[in-house]
Amino acid sequence: MIQESIVIKVGIADMKIVTAPNTIRTSGLGSCVGVVLYDLQKKIAGLAHIMLPDSSLARGETIHKAKYADTAVECLIQLLEKEGVNKKQLKAKIAGGAEMFKFMTKTDIMRIGPRNVDAVKQELKRFSIPLVAEDVGGSSGRTIEFSPESGKLMVRTVNQPSKEI
């Protein structure tokens with residue numbers, strides 16, 4: 001009997017986990033970065049749609065953990081560990097981090113996409129999670145969909161052919 005698969009959708013500043021045969025997708029990755037952490041043996045994956053590099057940018061008392069690279073990666077690891085995943089088995093793939101707007105001044109504060117990519121990579125390094133593949137930068141938005149069954153990340157970039165990483 002063939003099990004029907006469901007696409008789990010992850011919104012902006014959101015994170016979810018999925019097990020095979022289901023897939024997980026997020027769209028609207030402009031300067032945002034989609035981070036997929038997965039364990040191919042257990043056929044489970046988590047996806048976070050990260051908007052900003054650092055939670056010190058948060059306004060207010062509470063921090064929305066999925067929104068920031070420095071909190072989302074750790075939180076996603078914890079969600080996966082609750083499902084029985086060993087952190088040492090995790091691998092990562094990332095996409096997004098585009099520079100959606102070109103500014104005359106190249107101040108670092110305006111370069112959100114590249115800063116998001118750097119912050120995510122720093123967090124992956126902090127937790128010793130290997131980054132297996134990436135599709136980052138440029139100036140176009142992306143939609144990504146990951147299969148924990150195959151470990152393949154489909155990347156659809158505006159005005160470009162889809163690719164698999």
Side-chain angles (χ1 to χ4, degrees), residues 4-39 43-83 85 90-101 110-124 127 129 131 133-160 162-165:
E4 192 130 345
S5 70
I6 299 168
V7 177
I8 305 300
K9 293 182 178 139
V10 176
I12 296 170
D14 188 16
M15 68 175 67
K16 293 183 180 154
I17 58 173
V18 64
T19 54
N22 300 328
T23 60
I24 194 162
R25 175 190 305 154
T26 194
S27 54
L29 290 172
S31 59
C32 296
V33 174
V35 180
V36 177
L37 301 181
Y38 64 98
D39 179 336
K43 299 194 183 305
I44 188 169
L47 171 62
H49 185 130
I50 296 170
M51 287 180 67
L52 294 168
D54 188 339
S55 60
S56 69
L57 301 170
R59 294 186 180 124
E61 300 280 318
T62 58
I63 293 175
H64 185 68
K65 290 187 177 180
K67 189 173 185 177
Y68 304 97
D70 68 325
T71 52
V73 172
E74 183 171 10
C75 191
L76 193 54
I77 291 167
Q78 290 168 356
L79 282 175
L80 289 162
E81 286 178 326
K82 284 181 187 171
E83 295 298 316
V85 171
L90 289 174
K91 292 184 175 19
K93 292 186 179 186
I94 65 172
E99 282 195 76
M100 299 301 291
F101 309 102
M110 301 311 285
R111 299 180 62 248
I112 298 295
R115 287 175 53 219
N116 282 339
V117 171
D118 291 345
V120 166
K121 287 180 176 180
Q122 186 176 330
E123 288 301 301
L124 294 173
F127 290 103
I129 297 173
L131 178 59
E134 63 181 87
D135 183 49
V136 297
S139 59
S140 298
R142 295 171 173 87
T143 294
I144 60 173
E145 186 169 330
F146 184 80
S147 166
E149 182 84 47
S150 66
K152 293 177 182 171
L153 181 66
M154 289 301 301
V155 182
R156 289 193 311 270
T157 305
V158 176
N159 297 324
Q160 293 179 26
S162 294
K163 65 176 139 184
E164 190 178 279
I165 63 170

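Because only heavy atoms are used, hydrogens play no part in the values below, and waters and symmetry mates are left out as well, while side chains stay in.
- Closest approach of Ile144 to Gly34, counting heavy atoms only: CD1-CA, 4.0 Å.
- For Lys91, the side chain to side chain contact (heavy atoms under 4.5 Å, CB included) test picks out Tyr38, Pro130, Val132, with sequence neighbours left out.
- Shown here are the ring-ring contact (aromatic ring centres under 6.0 Å, His included) partners of Tyr68, two or more places apart in sequence or in another chain: there are none.
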Report task. Decide side chain to side chain contact (heavy atoms under 4.5 Å, CB included) for Leu90 and Ile77; before the verdict, give the C-alpha distance in whole Å, the side-chain angles of both, and the deciding distance to 0.1 Å. Result -> CA-CA 9 Å; Leu90 289 174; Ile77 291 167; 4.3 Å; yes
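- Although no hydrogens or angles enter the test, the distance criterion places no donor-acceptor pair under 3.5 Å between the side chain of Thr157 and the main chain of Gln160.
- Residue Val35 comes nearest to Ile50 through the heavy atom pair CG2-CD1, 3.6 Å, listed as atom of the first residue, atom of the second, then distance.
- In terms of heavy atoms, Glu123 sits closest to Ala69 at CG-O, 3.4 Å.
- Among all heavy-atom pairs drawn from Leu52 and Asn116, the shortest one is C-OD1, 3.0 Å.
- Residues passing the side-chain hydrogen bond (donor to acceptor under 3.5 Å, both in side chains) test with Ser55 are Asp70, sequence neighbours excluded.
- Here the shortest heavy-atom pairing between Ser5 and Pro21 reads CB-O, 3.1 Å.
- Atom-to-atom distance recorded for Leu80:CG and Met15:CE is 9.5 Å, nearest 0.5 angstrom.
- For the pair Pro148/Val18, a side-chain contact is recorded, criterion being any heavy-atom separation below 4.5 Å from C-beta on.
- Shown here are the side chain to side chain contact (heavy atoms under 4.5 Å, CB included) partners of Val136, two or more places apart in sequence or in another chain: Ile94, Val117, Glu134.
- Residues in residues 45-54 take part in these side-chain hydrogen bond (donor to acceptor under 3.5 Å, both in side chains) pairs, two or more places apart or across chains: Thr26-His49, Asp54-Ser56.
- Evaluation of the side chain to side chain contact (heavy atoms under 4.5 Å, CB included) rule for Ala92 yields Leu37, Leu124, Ile129, Leu131 as partners, not counting sequence neighbours.
- Considering CG of Leu153 and CD1 of Ile165, their distance stands at 4.5 Å, rounded to 0.5 Å.
- Note: Lys67 NZ to Cys75 SG = 15.0 Å, rounded to the nearest 0.5 Å.
- Counting only heavy atoms from C-beta outward, the side chains of Leu47 and Leu76 never approach each other to under 4.5 Å.
- Counting only heavy atoms from C-beta outward, the side chains of Glu83 and Leu79 never approach each other to under 4.5 Å.
- Applying the side chain to side chain contact (heavy atoms under 4.5 Å, CB included) criterion to Gln122, with sequence neighbours excluded, gives no partner residue.
- With sequence neighbours excluded, no residue forms a side-chain hydrogen bond (donor to acceptor under 3.5 Å, both in side chains) with Ser27.
- Here Thr19 contributes atom OG1 and Ile24 contributes atom CD1; the two are 10.0 Å apart, rounded to the nearest 0.5 Å.
- Taking each heavy atom of Ala72 and Ala48 in turn, the nearest pair found is CB-CB, 4.3 Å.
- Counting only residues at least two apart or in different chains, salt bridge (Lys or Arg N to Asp or Glu O under 4.0 Å) contacts with residues 137-158 comprise Arg25-Glu145, Lys43-Glu149, Asp135-Arg142, Lys152-Glu164.
- Every residue was checked against the side-chain hydrogen bond (donor to acceptor under 3.5 Å, both in side chains) condition with Ser31, not counting sequence neighbours, and none meets it.
- By the salt bridge (Lys or Arg N to Asp or Glu O under 4.0 Å) test, Glu74 pairs with Arg126, sequence neighbours left out.
- For the atom pair Thr23 OG1 and Met154 CE, the distance stands at 11.5 Å (nearest 0.5 Å).
- In this structure, the salt bridge (Lys or Arg N to Asp or Glu O under 4.0 Å) partners of Lys16, at least two apart in sequence or on a different chain, are Asp14.
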